[in-house]
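Computed over heavy atoms, backbone and side chain alike; hydrogens, waters and symmetry mates excluded. Every value quoted in this text rests on a predicted model; they were computed, and no experiment measured them.
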Amino acid sequence: MTTKATRDPARVARRLSGALRRVMLAMVLLAGAGLACGARAESVLKDISYQAMPGGRIDLTLKFSGGVPAPKIFTTDNPPRIAVDLANTQVGLAKRRVEIGTGSTSSVTAVSAGGRTRVVVDLFHASSYSTHVEGDSLVMSIANGMTGAAAASAAYTDPSKMLASATASVGNIDFRRGSNGSGEVVVSFEGNGASADMHREGDRVIVDFSNVKLPEKLAQRLDVNDFATPVSSVVTRPRPNGARMEIATHGVIEPSAYQTGNQYVVEIAAKKAEQQQGVLGKVEEPKFSGSRVTFNFQDIPTRSVLQLLADVSNLNIVASDSVGGSVTLRLVNVPWDQALAVVLRAKNLDMRKTGNVIWVAPQTEIAQYEQNLANARMQAEQAQPLVTDYIPISYGKAADIAKLLTQKSLQSNSAGAGGAVGNRGFLSARGSVSYDDRTNTLLVSDIPEKIREIRALVAVLDKPVQQVLIESRIVIATDSFARDLGAKFGMTGFRTQPSGQILSTGATIGDTTSLTNSIAAQQTVINQNNLNAAYAAQQGTVPAQPTLPPAITFPGGLNVNLPATPAAGSFGLAILGSNYLLDLELSAMQTEGRGEVISSPRVITASQQEAVIKQGQEIGYVTFQNTGGGAGAGTATVQFKDAVLQLKVTPTITADNRVYLQINVKKDALAGFVNNPGGGQVPQIDTREINTSVLVDNGQTVVLGGIYEVSKQENLTKVPGLGDIPGLGVLFRNKQRTNTKAELLIFVTPKILGENMK
């Protein structure tokens, strides 16, 4: 009998629906896999190379195949590093670490995990950087510790790149609170080519942006205290060819910065408690954080206690064979690491931790072990082959750095017996250093480890010294006023006596005699002419031409002669009568003078280097010697005196970008000559000088000092008695009044020069 199974239509529909869903799911998975494969189209880092550039700059080139990925870059200050994260990138390098040791760059290391690659640039000290793409390569230019536009100018030597980099501008400045309580300042850029350099100054974090433009609306102060982060405020100001951001902080912080796309993020985080140990220079008590335990044992073996602590801490504790004895413990609710420290201290033991393994041994045994390691390390150092390296010096002198590397340092004798012991400085016992003056290069022969240390030291020391422009202005202002009032007054009278004599009065006997003689001579001539005319009339002849009598000479007749000298103007009055003569002359003079002499010497010098600039003249004069006894005029000697304007200054740039000045300013001028008793003349010099030290902000103008002189003088010359008559007394006196004011001011403005300053 054949049985035919009946089919349920609903069941069949469910089976078909499930099969259809499985087919669609498989198609979706296959499509997703295809998309994932497409998304995981990876680039390969094929090569890392570098090129040393002038000024200690390093151009690091990362060459890719499959396209240059977009880098995410961040920096750390301790230790100084630049990290470049590359997504969807594999490492195809034969050598993953490249030693550089030039400028501020120590080495480059590339690691890869999970389809991502991180390139870590180890630095000797924090330095600024910039990146750009050239074909299938990413080029990173790392400056030699320069800041601001100095790094930008070192990174972009191609004028076309400089032009392209100058188009960047700050689009926005934002602040946010991080998930760990940190403060994050986010700076967004519009355009390419912006570079940033971050450093700390006390409780502030300074970020200098180069090759950017800061809009006026973003030049402001952000008060961010309400965010409850280590950041108090953010102040952004424009600078030449860039901007400066000052982030005020409080507490112990750890700043970091990274760049992603067109954003530059500065993160200010509070330093962890374990990282703050010793920050203030104090030895803090150890802090224990292990889980708490309770022990109460009488004479338990020490090794058993260590076993119990290993079980509690989940660590591996290895005890030396020399660890023994027993210990009595009563510890209630204490951290297990504190219990371990107590046990070690009680039994004169010590420990060394490596990973999750703790080795416990007597203190003397550990000390001997470490001493043996040190001896082995020294012996290995003695056995290492010497290598020779050539280190070019850019800014200093190779001779000075060679002396610094080889000079012996003095250390106190630990035995307390006095004296000192010497070492080899920065070289090993077999190391040596020499230098070549022509190429300014160090020649170092030592083991590789010491060579790396010396390169790191040279990278720190061989930096350009900052320069300072010192501008000074010496202002000498004078104001003078003089007034002189005087008068000439004279009265003369004369008449003829019946006896024919002339009686006259005048200012002086000479005036009277002169007038009398003049009138007598005229009378004599008139009488002679009359006699000649009478004789001619008796003889009937023509009278001779009469002789002209001499003119009467009237004397000055000055009873008072006190005029203004020299007179700017005068008023005269004369009255001549039949037998008297009256003369009156009033004179006056008033002068006003204002003068201003401005001298502006300026000089550029390096920090801690003295600079002198002067201008003026050497005044020659002749003196005579041996003129007293013998014959002749003596021996003539020509000598000189300086009358110069001189600026002598030694600037020192402080860590907070201020300038400490040791300055001497002198302004001499020739006042005249003084007669030398032995013959000749000696010049007389007016000297104005200031010698001082002052601390000035960068670009601040300070008045170093000034001298203010006021001279007032009044002179009165008069006829006694008559000069005191009210009103009429002005005719019998001369009055002079002189006021003189002189002021000397010295201004100084120091400016720290840099590539970002015009």
For this session: Can you spot which of Ile401, Asp389, Leu427 makes a side chain to side chain contact (heavy atoms under 4.5 Å, CB included) with Ile454?
Result: Leu427
Problem set entry | Charged N-O contact under 4.0 Å between Lys751 and Glu471 | yes
Exercise. Can you find a side-chain donor-acceptor pair between Arg244 and Thr236 that sits under 3.5 Å?
Worked result: no
For this session: For Ser233 and Asp223, test the side chains for any donor-to-acceptor distance below 3.5 angstrom and give the result as yes or no.
Result: no
Exercise. Just by modelled atom types, is the Ile752 backbone N or O under 3.5 Å from a matching donor or acceptor in the Asn698 side chain?
Worked result: yes
Problem set entry | Heavy-atom pair of closest approach, residues Pro255 and Arg200 | CG-CD, 3.7 Å
For this session: Measure the OG1-CZ distance between Thr406 and Phe426 for me, rounded to the nearest 0.5 Å.
Result: 10.5 Å
Exercise. Taking the side chain from Asn440 and the backbone from Gly396, do they hold a donor-acceptor pair closer than 3.5 Å?
Worked result: yes
Problem set entry | side chain to side chain contact (heavy atoms under 4.5 Å, CB included), paired with Leu704, selected from Ile663, Leu745, Val696, Leu661 | Ile663
Seminar exercise, completed: Closest heavy-atom pair, Val433 versus Ala402, reported as atoms and distance to 0.1 Å, is CG1-O, 4.0 Å
For this session: Give the C-alpha distance, both sets of side-chain angles, the deciding distance and a yes or no for side chain to side chain contact (heavy atoms under 4.5 Å, CB included) between Phe189 and Gln263.
Result: CA-CA 6 Å; Phe189 297 104; Gln263 288 186 339; over 6 Å; no
Problem set entry | Point-to-point distance, once rounded to the nearest 0.5 Å, from CG of Leu695 to OG1 of Thr654 | 6.0 Å
For this session: Would you name the heavy atoms of Met198 and Tyr264 that are closest together and state the gap between them?
Result: CB-OH, 4.0 Å
Exercise. What pair of heavy atoms forms the shortest contact from Pro230 to Ala269, and how long is it?
Worked result: CG-C, 4.2 Å
Problem set entry | Donor-acceptor contact present, side-chain Glu453 to main-chain Lys450, <3.5 Å | no
Exercise. Side chains of Arg97 and Thr109: is there a donor and an acceptor less than 3.5 Å apart?
Worked result: yes
Problem set entry | Minimal non-hydrogen separation, Thr102 against Ala52, with atom names | CG2-CB, 4.2 Å
Problem set entry | Over 12 non-hydrogen atoms of neighbours within 6.0 angstrom of CZ in Arg345 | no
For this session: State whether Arg176 and Asp174 are salt-bridged, where the test is any N-O pair (Lys NZ or Arg NE/NH1/NH2 against Asp/Glu carboxylate O) under 4.0 Å.
Result: no
Exercise. With distance as the sole test, does Arg204 use its side chain to make a donor-acceptor pair with the main-chain N or O of Glu246 at under 3.5 Å?
Worked result: no
Problem set entry | Any side-chain donor near an acceptor of the partner, Glu190 and Asn262, under 3.5 Å | no
For this session: Verify the distance criterion only: is there a donor paired with an acceptor across the side chains of Asp446 and Ser428 at less than 3.5 Å?
Result: yes
For this session: Please test Glu201 against Asn657 for side chain to side chain contact (heavy atoms under 4.5 Å, CB included), starting from the C-alpha separation and ending with a verdict.
Result: CA-CA 10 Å; Glu201 293 181 2; Asn657 279 340; 3.8 Å; yes
Problem set entry | Thr229 side chain vs Val231 backbone, donor-acceptor pair below 3.5 Å | yes
For this session: Please assess Val108 against Val120 for the test side chain to side chain contact (heavy atoms under 4.5 Å, CB included), listing each intermediate value before the final yes or no.
Result: CA-CA 6 Å; Val108 180; Val120 179; over 6 Å; no
Exercise. Would Arg57 and Ser141 satisfy side chain to side chain contact (heavy atoms under 4.5 Å, CB included), going step by step from the backbone distance to the final call?
Worked result: CA-CA 7 Å; Arg57 177 169 61 90; Ser141 297; 3.7 Å; yes
For this session: Please report the C-alpha distance between Glu449 and Arg452 in whole Å, then the side-chain angles of each, then the deciding distance to 0.1 Å, and finally whether the salt bridge (charged side-chain N to carboxylate O under 4.0 Å, His left out) criterion is met.
Result: CA-CA 5 Å; Glu449 181 181 358; Arg452 287 193 295 268; 5.6 Å; no
Seminar exercise, completed: For Ile366 and Met351, the nearest pair of non-hydrogen atoms, with its separation, is CD1-N, 3.8 Å
Exercise. Strictly by modelled atom types, are Ser104 and Ser127 linked by a side-chain donor-acceptor pair under 3.5 Å?
Worked result: yes
Exercise. Does Lys213 offer a backbone N or O that forms a donor-acceptor pair with the side chain of Ser169 under 3.5 Å?
Worked result: no
